[in-house]
Structure formats: structure tokens, C-alpha cells
Amino acid sequence: MHRIRGSFAPAVLLLGALAAHSAWAGSARPWLNPKRSPDERAALAVRAMTQREKLRLVFGYFGSVMPGTTYQPPRAVRMGSAGYVPGVPRLGIPPQWESDAGLGVATQRASSDVFRQRTSLPSGLATAASWNPRLAERGGAMIGAEARASGFNVLLGPGADLVREVRGGRDFEYVSEDPLLTGVIAGAEIRGIQSQHVIAVLKHFAMNDQETGRTVYDAQIGRAAARESDLLGFELAIERGHPGALMCAYNRTRGHYNCQNSWLLHHVLDGDWGFRGYVMSDWGAAHSTVRSALAGLDQDSASTVFDHTPYYGPALARAVKDGRVPERVLDEMDLRILRSMFAVGVVDHPIQRKAHINFTADKAVAEADEEQGIVLLKNAGAILPLSSTVHRIAVIGGYADRGVIDGGGSSTVFPVGGSAVRGLGPKNFPGPEVYLPSAPLGAMMGEAPQARFRYASGRNLAHALQVAKWADRVVVFETQWAAESIDVPLHLRRQNRLVAAVARANPHTVVVIESGGPVLMPWLGQVAGVLETWFPGTGGGTSIARVLFGAVDPSGHLPVTFPASVAELAFPHLPGAGLPLGKPFKVDYRRQGAAVGYRWYLLKHLKPLFPFGFGLSYTRFAYQGLQAALRHGRLVVHFTVRNVGHRVGAAVPQVYVAPVKGSVPRRLAGWRKVRLAPGASRTLTVSVDPRLLARYDTQDHRWVRAAGTYQLWLGDSAEHLVQSVRIRLPAWQHSARWPVHYRSAAVPLSAH
Ligand code: BGC
């Protein structure tokens with residue numbers, strides 16, 4: 001007898017007993033009994049399915065027309081969406097209606113006659129910059145509810161690739177450069193989405209860290225380094241969020257395409273992490289039938305449009321028929337898909353079309369997220385918050401009179417009322433460049449009714465300088481559009497020249513940056529204030545104004561290091577840039593290993609422009625009393641934070657850790673976000689996940705923490721550390737191997 005993938009073996013073996021004993025035994029459809037476990041229900045349903053039905057659930061369609069092709073989507077799709085997988089009506093199994101993405105309900109541009117107008121969260125980096133998992137969960141619940149109200153039960157997000165490449169065009173969809181912050185925030189967003197009975201799809205697994213050559217590059221990385229960096233982010237997100245599905249990415253890792261990479265899908269995801277959900281391919285990321293099926297690809301997405309040739313469907317039917325893919329492997333694909341549909345509530349809570357969306361309430365969720373995600377980077381002479389005694393305010397550039405910029409590509413959310421600025425960016429994918437209609441200028445006027453405002457677009461330099469000279473204070477906006485499929489330069493040349501000229505004309509200048517990620521600031525020494533606002537999301541103009549005028553204290557901290565120059569990056573030359581389109585190349589992450597972001601700067605003794613974790617406030621905090629102890633085998637850290645300023649504000653004390661011996665750079669071990677009134681203090685506790693002090697042993701497949709002395713630091717960034725303590729810890733090891741699976745016989749680990 002074949003062995004099946006371990007995590008589902010008990011469910012299948014239970015089948016005989018179940019059918020006999022259940023109160024639903026007489027029922028024609030016992031899998032619809034919500035009292036049974038998702039495993040039992042999935043097993044019962046698969047048993048009732050014909051092979052045709054089994055093949056149907058693993059084969060996805062594109063949810064839109066595709067210009068330039070004759071493709072006609074099935075009638076039941078939600079037109080203008082990412083995907084659709086038919087259900088099995090005979091068995092009461094609904095279709096899977098799939099929509100992008102992690103920031104809100106998107107519309108595929110390929111079908112231009114349909115535009116859903118929905119609420120957009122600020123970018124993933126903004127949510128991460130709040131360091132507040134509760135906000136991430138609320139945001140997830142908001143977009144999950146909008147997805148459901150729009151007819152979708154699968155949301156293709158969040159993204160959890162680490163920001164290894166600060167020029168990455170999709171960094172705005174991701175969380176951070178640190179695995180712990182990424183895992184905590186993505187895990188919370190998943191919980192929020194799935195609270196609405198919508199399956200969250202964690203993506204893009206894995207090492208999809210740049211857009212240049214994303215379908216052809218091969219990420220070269222040691223197994224231990226991967227486990228301690230990018231994979232750890234996914235591992236923590238899965239543990240905390242239990243996503244129903246995971247999307248394998250376009251690129252290759254260690255020589256093999258991710259969607260047929262048995263090391264990633266089979267050994268790590270299933271074997272070591274015991275992942276119970278299903279794996280779907282990114283659109284066009286599948287490359288084979290048998291190899292993919294045996295490696296752990298459960299569902300081939302939009303295959304008739306995006307695959308070279310559809311790899312599942314008839315091709316998979318043939319492979320099952322002639323035994324190249326054992327029927328039990330097909331069963332397991334269906335088991336996994338159905339288990340998630342039952343576990344998340346997709347079957348028990350059918351979609352009600354045309355449900356009401358409360359856009360005002362949803363905007364408030366996005367605004368709250370952005371308010372805590374805005375990072376105050378510079379505040380010379382306490383120029384911010386702008387005081388009520390300021391009478392003349394100049395606002396320059398960035399379409400600040402109309403709205404705030406949003407990211408491009410499949411995640412583009414079209415706002416209620418349409419884009420505030422039309423005709424920008426590419427006409428086709430990944431365009432257009434969308435501005436959400438929340439004008440910072442109008443919102444600023446609302447915050448300062450006593451002041452006079454003048455606006456200059458910045459296109460006419462002389463006019464901008466005239467307006468700047470007239471004003472008591474100048475707020476100049478820089479915007480950078482970033483999008484899927486393209487990477488972006490760090491240097492905003494034309495806008496940097498504008499900022500420098502404006503600052504020369506009036507030194508009381510504050511720069512507000514709306515960007516997909518870090519940018520260079522050659523004018524930093526000339527301006528008084530800087531706010532990083534990311535892609536600010538629906539209502540973002542209001543959030544910016546509230547921070548500028550002090551209705552909200554800035555409490556965001558950077559989830560990514562801001563470089564001082566391109567030369568200090570691990571890859572000064574963007575890998576693959578300049579190569580002919582489609583030419584395969586390698587990205588050698590062995591250069592960095594697990595030292596991503598701030599850990600690279602520490603390793604190389606480099607000084608960034610702004611470090612990871614950095615963020616100012618309008619008040620000040622003092623940290624003291626750092627203590628570390630081992631409690632029930634777990635490292636626990638205590639410290640006290642006091643608001644020593646004169647305003648209410650929120651602090652983000654951070655704990656970093658490293659072994660005292662050796663050269664392993666410190667890493668984030670935990671943090672707390674706490675709001676304090678002036679003079680108030682709180683004693684806080686952080687419990688440290690032992691994996692953050694451990695190395696991954698690839699020989700024995702386990703986490704190992706050596707006995708020895710470890711140093712802990714307390715600070716408010718990866719560089720600004722105010723206290724440290726040492727503690728001796730005993731050895732610790734952890735191996736979470738799930739039983740050996742059917743598929744490991746097909747693809748031995750040594751092949752990787
Ligand atoms: C993107 C995915 C997205 C899918 C469906 C792909 O191009 O990489 O993130 O979910 O399209 O739109």
C-alpha cells in the first residue's frame with residue numbers, strides 16, 4: 001500500500017469508522033455536518049467524489065477576459081477577478097472565487113469594463129511600521145469582509161517575502177526585512193481575513209524578493225540561512241495565522257522552480273512545519289504535471305491562460321490514469337483544498353452576493369492603520385507638529401491637492417469615486433498609477449482653519465519657489481510609484497531637485513514621502529522635518545494631516561532599513577538588471593545569508609541613513625530596568641518605559657539578541673507597543689521565541705541553541721540601544737518533523 005502525506009493519514013484511515021457511527025450516517029452528505037472536524041469532513045467528501053470532480057477542484061481558471069487572446073472565462077466567474085475554481089454542486093461544495101490581494105479587493109485590469117470600487121489599506125510596510133498586530137488583524141478583517149461582500153471566498157494575500165531588495169517593486173505588498181516582525185504582522189492579517197470565512201493565501205513562497213527576472217531567476221541560498229531568514233518569516237506567519245492556502249512563487253530556489261520544489265513544498269512546508277492547507281501556483285508559475293503533483297502543488301491557478309500549457313486538468317488525468325501520479329496523491333490535493341474550505345468556513349457560510357459595504361467604517365480602519373504607520377524621521381527644532389500660530393502654509397507637489405498615491409499591479413485597488421488623478425502610468429498592466437481621492441491639502445485645511453494655504457504642483461519651479469518664500473512653513477510631497485513586475489530606483493531625481501530648491505528658498509520645510517519603500521534623501525541636511533507615509537491607503541490624506549498638526553502622535557517605526565547610498569546594499573547592481581528579458585540568471589543570496597536588512601549593516605559595520613526600528617515621536621520616552629530570566633525553559637525579558645515628555649504618545653521598545661561569542665549579528669527578539677500619558681510608565685514583558693537565539697542544523701533538521709551566554713539589548717531601533725544584559729542559557733533543540741510522506745519517496749531530499 002502507498003503511504004500518503006503524513007498529516008492527512010489519520011483522516012483517511014478514520015473513514016470506515018466514521019461512516020458507521022455518525023448521527024449523519026444516514027445523511028446523504030455527512031461532510032456538511034459542521035460538528036465534524038475539518039479533516040473528517042474533507043475525507044468524507046473526497047470519498048464521495050468522482051475522479052472528474054477531484055480533477056476539477058485542482059484546476060483554476062483566470063477570472064477575466066484576456067485582451068489579445070480568445071479566452072472566455074467560465075460564466076460563473078466574478079468578472080474582472082484573479083481566479084475561479086468550480087465547485088461540486090452535487091456535493092454542496094461551492095466554487096472558489098479568488099480575488100487579489102493583501103491590501104484590499106482588487107480588479108484585474110485585463111477586464112476594463114468592470115471596476116470594483118473598494119477600500120485600500122495602506123501598504124503592507126505601513127501596517128508593519130505600526131508594529132501593532134491588532135491593527136493588522138482589524139485591517140485583515142475589513143478587507144476580508146469587503147471580499148466576501150464582493151462575492152469572493154479566497155483572498156490572494158498577504159505577502160510575506162522578506163524585503164531583501166529595497167528596490168523591489170512589490171515591497172509595498174510585503175511586511176518587513178525581519179522574520180519576526182513579518183511573521184507576527186502577516187499572521188495577524190491572516191487571522192483577520194479568515195475571521196470573515198474567507199481563505200487567506202500567504203504568498204509568494206519563497207525567496208520572491210525582487211521583480212526583475214522574477215519568472216526566471218534562481219535564488220541561491222544555503223538551507224540553514226533560508227531557514228533563519230525568509231523561511232522563518234513564513235513559518236511564524238503560518239503558526240500564528242493558519243492560512244488556508246499558500247501560493248508558490250514564480251522564481252526558482254536552489255535550482256528548482258518553486259512550484260515543483262520538493263524541498264520547499266514537501267520537506268519544509270509539509271514535513272517540518274506540518275502545514276495543513278493547500279498550495280496553489282502563482283499565475284503561470286507551474287511548470288510540470290507529474291513533478292509538481294509529487295512535489296506538493298495542490299492547485300494549478302488560471303492555467304489555461306498563464307501556463308505554457310495547462311499542467312493539471314486533462315494532463316493530470318492522463319498522469320493519474322497511467323500511474324505516474326498515484327490516485328492517492330490526487331486525493332490528498334483534494335483533501336487539503338476541502339479541509340481548508342471546511343476549516344475556514346467557506347462551505348458553512350455561503351457567499352451572499354451584493355452584501356452591503358460600510359465604506360465610512362472601512363475607511364476609518366485604513367486611516368487608523370496609516371496613522372500608526374507613519375514614521376517621523378526628522379523633526380529639527382520641533383517644527384512638527386505644525387502649531388496653530390502658523391498663518392501661511394505652502395503645500396507643494398505630489399498631487400497633494402487631489403489624493404495619495406497607491407501601488408500598482410495585480411493588487412491595485414480602485415477607490416470609491418475613481419482615481420483622483422487620471423492618465424498616469426502605463427495604460428496596461430501594471431498600470432495605471434492610481435491616486436486615492438483623499439487630498440492631504442484639503443485635510444490640512446480642516447486641521448488648521450486659522451491658516452492660509454497656497455498650493456503649487458511643483459511642475460513650475462519658479463511658482464513653487466514663490467509659494468515657498470511666501471509661507472511660514474512649507475510641506476513638500478514626494479511620491480514614488482512602485483508596482484508588480486518592475487523594480488524601482490531609490491533616487492527620485494526630479495523631485496529631489498525640487499525639494500532641495502524649496503528648502504533653499506525656505507528652511508522651514510517638511511518633506512512628506514509617499515513611497516513603496518526606502519528612498520534616498522540627498523536634501524536631508526537642508527530640511528527641518530521628514531515623514532515617511534508609504535502608500536497611505538484610503539483616507540491617507542486625513543491621516544497625514546492629523547500627524548502633521550499633532551491630532552495624532554507619530555508612533556510608526558521603520559520595518560526596513562533606509563540606506564544612505566546604493567553602494568552599501570548587498571547587491572549595489574540589481575541582479576538581472578540589463579539582461580535580455582527571459583534570460584535566466586542566479587541571485588546569489590549566499591553573499592548575505594541570513595543577514596538581511598539591518599543585520600547586513602551590522603555585519604558589515606555600515607551606517608544607514610535610518611536604521612530598522614527607528615521612529616520619532618512628539619513626546620519622549622525613557623527605558624530602564626532591563627532584566628532577563630529563564631522561566632519554564634523560556635527566555636523572558638522585563639523592562640520599564642516612561643513617557644518623559646509633555647504629550648500623550650506611543651512607544652515601541654524593542655529587544656534585540658545575539659550570542660556573546662562569535663560574529664552573528666543581533667536580531668529582533670520581541671517588542672511591545674504602548675501608549676502612555678505624560679509622566680506615566682509601564683513595566684512590560686517580552687517572551688522570546690527560542691528559534692530567534694538558535695541556528696538551524698541542516699544535518700539533523702532541527703533548531704539548535706548552544707549553551708552559552710547571550711546578550712540582550714533594549715532600544716528604540718536596531719542601532720539605538722539604551723541598555724543591555726547578559727544571561728547564560730542551557731542548550732536547547734527542537735525538531736518538528738512530521739511523519740515521512742508519500743511524496744518523499746518520489747523526490748528524495750538529496751536531489752536538492
Ligand atoms: C501575482 C500574484 C497574484 C496573481 C493573480 C500574479 O501575477 O504575482 O500575486 O495573486 O497574479 O492576480
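Since this is a predicted model, take the numbers as computed values, not measurements. For reference, positions follow the sequence shown, starting with 1. Numbering of ligands and ligand atoms starts at 1, following listing order.
Defined by atom type and a distance below 3.5 Å, a donor-acceptor pair is present between the side-chain atoms of R118 and S150.
Contact annotation: E173 has no heavy atom less than 4.0 Å from any atom of ligand 1. Heavy atoms of Q108 come nearer than 4.0 angstrom to ligand 1 in at least one pair.
The contact set between ligand 1 and E484, taken as ligand atoms under 4.0 Å from a residue heavy atom, comprises 1 (C), 6 (C), 7 (O), 8 (O). Of all atoms in ligand 1, listed by their number and element, those nearer than 4.0 Å to a heavy atom of M247 are 10 (O). Residue contact check: L156 has heavy atoms under 4.0 Å from atoms 10 (O) of ligand 1. Remark: ligand 1 atoms within the under-4.0 Å shell around heavy atoms of K203 are 2 (C), 3 (C), 9 (O), 10 (O). Every atom of ligand 1 with a heavy atom of R214 under 4.0 Å away is listed here by number and element: 7 (O), 8 (O). Counting the atoms of ligand 1 from 1 in the order shown, those under 4.0 Å from a heavy atom of A82 are 5 (C), 12 (O).
Scanning all protein heavy atoms for the shortest distance to atom 2 (C) of ligand 1 gives D282 OD1, 3.2 Å. Of the protein's non-hydrogen atoms, D100 OD2, 3.3 Å is the one closest to atom 5 (C) of ligand 1.
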- Task: Go through the steps for S411 and D100 under the test side-chain hydrogen bond (donor to acceptor under 3.5 Å, both in side chains), then give the verdict.
- Result: CA-CA 6 Å; S411 69; D100 288 299; over 6 Å; no
- Mind running side-chain hydrogen bond (donor to acceptor under 3.5 Å, both in side chains) on S99 and R116 for me, showing each step along the way? CA-CA 11 Å; S99 172; R116 285 176 195 84; 6.0 Å; no
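Residues Q194 and H242 approach most closely at NE2-O, 2.9 Å, considering heavy atoms. Heavy-atom minimum distance, D161 versus N208: OD1-N, 3.2 Å.
For the pair H204 and ligand 1, the shortest N or O to N or O distance falls below 3.5 Å.
Salt-bridge annotation for E53 and R56: absent, with no side-chain N of the basic residue lying under 4.0 Å from a carboxylate O of the acidic one. A salt bridge does not link D282 to K203: none of the charged nitrogens lies less than 4.0 Å from a carboxylate oxygen.
Surrounding NZ of K54 are more than 12 heavy atoms belonging to other residues, nucleotides or ligands, all under 6.0 Å away.
Counting heavy atoms under 4.0 Å from ligand 1, residue E211 does not touch it at all. Residue-level proximity to ligand 1 for M280 is absent, since no heavy atom of it falls below 4.0 angstrom.
Using a 30° and 60° split on the angle between ring planes, F172 and F535 fall in the perpendicular class, above 60°.
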